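Naming convention: chains lettered A, B, ... in sequence-line order (proteins, then strands); numbering from 1 in each chain. None of these values were measured; they are calculated from a predicted model.
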Amino acid sequence: MNDRISQLLKRAPGPGPVVAEGWVRTKRESKTVCFLELNDGSCLKGLQVVVDLDTFADATILARITTGAAVACTGELTASPGGNQDVELKASSITLHGEAPADTYPLQKKRHSLEYLREIAHLRARTNTMGAVARVRHAVSYAVHSYFNEKGFYYVHTPIISTSDAEGAGEMFQVTTFDLDNIPRTEEGVIDYDQDFFGRKASLTVSGQLEGETYALALKNIYTFGPTFRAENSNTKRHLSEFWMIEPEMSFCTLEGDMAIAEEFLKYVFSYVLEHCAEDMAFFSQWVEKGVAETLRSVVEKPFVHMTYTDAIVELEKNNDKFDFPVKWGSDLQTEHERYLTEQVCKGPVIVTDYPKEIKAFYMKLNEDGKTVRAMDVLVPRLGEIIGGSERESRLEVLTERMTSLGLDPADYWWYLDLRRYGSVPHAGFGLGFDRAIQYITGMQNIRDVIPYPRAAKQADF
RNA sequence: UCCCCUGUAGCUCAGUCGGUAGAGCAGGUGGCUGUUAACCACCCUGUCGGCGGUUCAAAUCCGUCCGGGGGAGCCA
């Protein structure tokens with residue numbers, strides 16, 4: 001395989017032929033010389049290919065090379081007299097692999113709106129912004145695995161198809177092999193799931209947490225990293241129907257340990273990206289969200305602010321006149337409140353803990369006061385919640401009672417409750433929305449532009 | 001799902017008081033001694049989102065449907 005353009009750009013000029021392969025971003029011509037800017041996705045910057053029209057053998061090929069064409073250029077790497085690059089490729093021959101007729105190719109050598117690019121999602125990876133997002137997304141994925149591996153966590157593949165009837169985390173996509181025009185029904189007229197593929201109602205997972213806990217209570221520290229599905233008809237710039245989630249789960253761990261890991265983990269990932277995607281981060285800082293790289297750096301350097309829900313309410317109540325929806329103890333924090341806490345009160349990420357049990361899930365550990373649970377949300381400026389986690393209720397009786405009072409049937413969760421029956425231990429975990437993390441890191445405004453092919457209500461093209 | 005905004009050339013948009021449409025970029029042609037968001041000149045480009053209504057006359061006003069964006073809820 002030939003060198004990537006990122007490698008060629010770092011090389012010193014010298015004799016001997018090299019080959020550069022990629023897609024043409026722009027072509028600039030004058031009487032005696034023609035410049036191609038070649039990009040292969042390995043970095044933001046392109047390689048300048050120089051064609052001397054007086055000596056180049058096959059000048060006719062140049063007419064067919066336009067923005068978007070795929071070419072392989074052979075030549076010598078020389079020092080560039082131009083100001084924007086150290087080296088350039090003096091081409092002796094060019095192979096044109098695929099043309100991109102300029103009158104129909106949807107990408108022009110100009111800036112396009114992100115909305116337009118979504119309509120040509122199959123080509124948008126060839127743009128600066130989407131290329132940078134793709135590289136950062138890769139780097140963050142790598143850093144996630146790297147962090148957990150270094151900390152001795154095991155990567156667990158929890159199921160995509162779930163048969164837990166009532167996970168309670170929102171609407172689910174049903175999975176069935178039924179002929180929808182002819183669904184089997186019992187004599188009572190109820191859908192007969194006995195005849196369905198799994199012999200029961202099945203859906204796409206909304207969380208790998210419950211299954212993750214079972215492995216944490218065997219391997220001590222585990223994490224999941226996979227796709228998650230929510231059938232909510234939500235139409236916002238930070239929701240997707242299909243998104244990726246990271247869910248660590250730690251045994252012999254309380255909420256304090258959970259928060260410590262969450263903070264250390266985020267900082268590790270941010271540092272990794274700042275170090276390994278410096279060029280892309282500079283691009284985001286300049287064109288997408290002013291100063292986003294500097295913000296990330298300051299987040300890495302400062303300890304996160306901690307605050308109980310009760311204290312947060314006290315802080316917010318001082319400014320209730322500024323909110324569309326005033327808060328009082330017991331109310332859920334809305335977007336405007338989360339943003340006020342992070343952007344005005346704390347000026348950075350904040351971890352809010354010990355929420356009222358009424359607004360949190362059944363599996364969270366009940367506090368001594370009987371009113372709050374050991375939950376924690378990591379809130380960040382601009383986005384709000386990026387991590388939601390908790391210490392899990394490890395006491396069988398308390399957990400069963402909580403489920404019952406919420407109208408859940410403990411029998412449906414027999415295997416989950418077995419974890420409390422046999423070898424139960426304090427344990428905790430959290431969920432990080434991967435795509436939201438990418439949004440936070442890059443400064444991209446819409447979550448649909450940080451995932452290659454976004455799925456949302458009425459949107460599943462490509 | 002609710003509220004607000006929006007849909008005009010390939011793209012980004014302007015279009016006044018209702019009188020059948022315009023700019024920049026892209027594209028084409030020519031020019032230009034090394035350009036880098038190349039530059040200069042000229043040229044081409046339209047079912048004004050769809051359907052219906054009001055009117056002598058609709059891009060413009062009204063209704064409706066569809067697409068896009070923003071906000072809210074829900075959450076990650």
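Under 4.0 angstrom from either OP1 or OP2 of B/rG70 there lies at least one side-chain N or O belonging to A/Asn446. The side chain of A/Ser234 places no N or O atom within less than 4.0 Å of a non-bridging phosphate oxygen (OP1 or OP2) of B/rC75. At B/rA72, none of the side-chain N or O atoms of A/Gln334 fall inside 4.0 Å of OP1 or OP2 (strictly under the cut-off). Between A/Asn233 and B/rC2 there is no side-chain N or O to OP1 or OP2 distance below 4.0 Å. In this model, the phosphate group of B/rG67 is not approached by any side-chain N or O of A/Lys458 to a distance below 4.0 Å at OP1 or OP2. Contact check, A/Thr335 against B/rG73: a side-chain N or O comes under 4.0 Å of OP1 or OP2.
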Requested in this report: Could you run through nucleotides 3-14 of chain B and give me one letter per nucleotide, 5' to 3': B if any protein heavy atom sits under 4.0 Å from the base, S if only the sugar-phosphate is that close, - if neither?
Outcome: -------BBS--

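Pairs of Watson-Crick or G-U wobble type, with distances under 3.5 Å, assemble into runs of 3 or more in RNA chain B at these ranges: B:1-7 with B:66-72, B:10-13 with B:22-25, B:27-31 with B:39-43, B:49-53 with B:61-65.
By the 5.5 angstrom centroid cut-off and the 30-degree plane limit, A/Phe243 is classified as stacked against the base of B/rA76.
A salt bridge links A/Lys151 with A/Glu264; the closest basic N to acidic carboxylate O contact falls under 4.0 Å. A salt bridge links A/Glu249 and A/Arg392; the closest N-O separation between the charged side-chain nitrogens and carboxylate oxygens is under 4.0 Å.
Mapping A/Thr32 and A/Gly388 onto RNA chain B via the closest heavy atom, the residue that lands nearer the 5' end is A/Thr32.
Judged by distance alone with a 3.5 Å cut-off, a donor-acceptor contact links the side chain of A/Glu88 to the base of B/rG34.
With distances taken from any side-chain atom of A/Lys90 to the nucleotides B/rG68, B/rG27, B/rG34, the minimum falls on B/rG34.
Taking the six-membered ring where the residue is Trp, the centroids of A/Phe225 and A/Phe434 are separated by under 6.0 Å.
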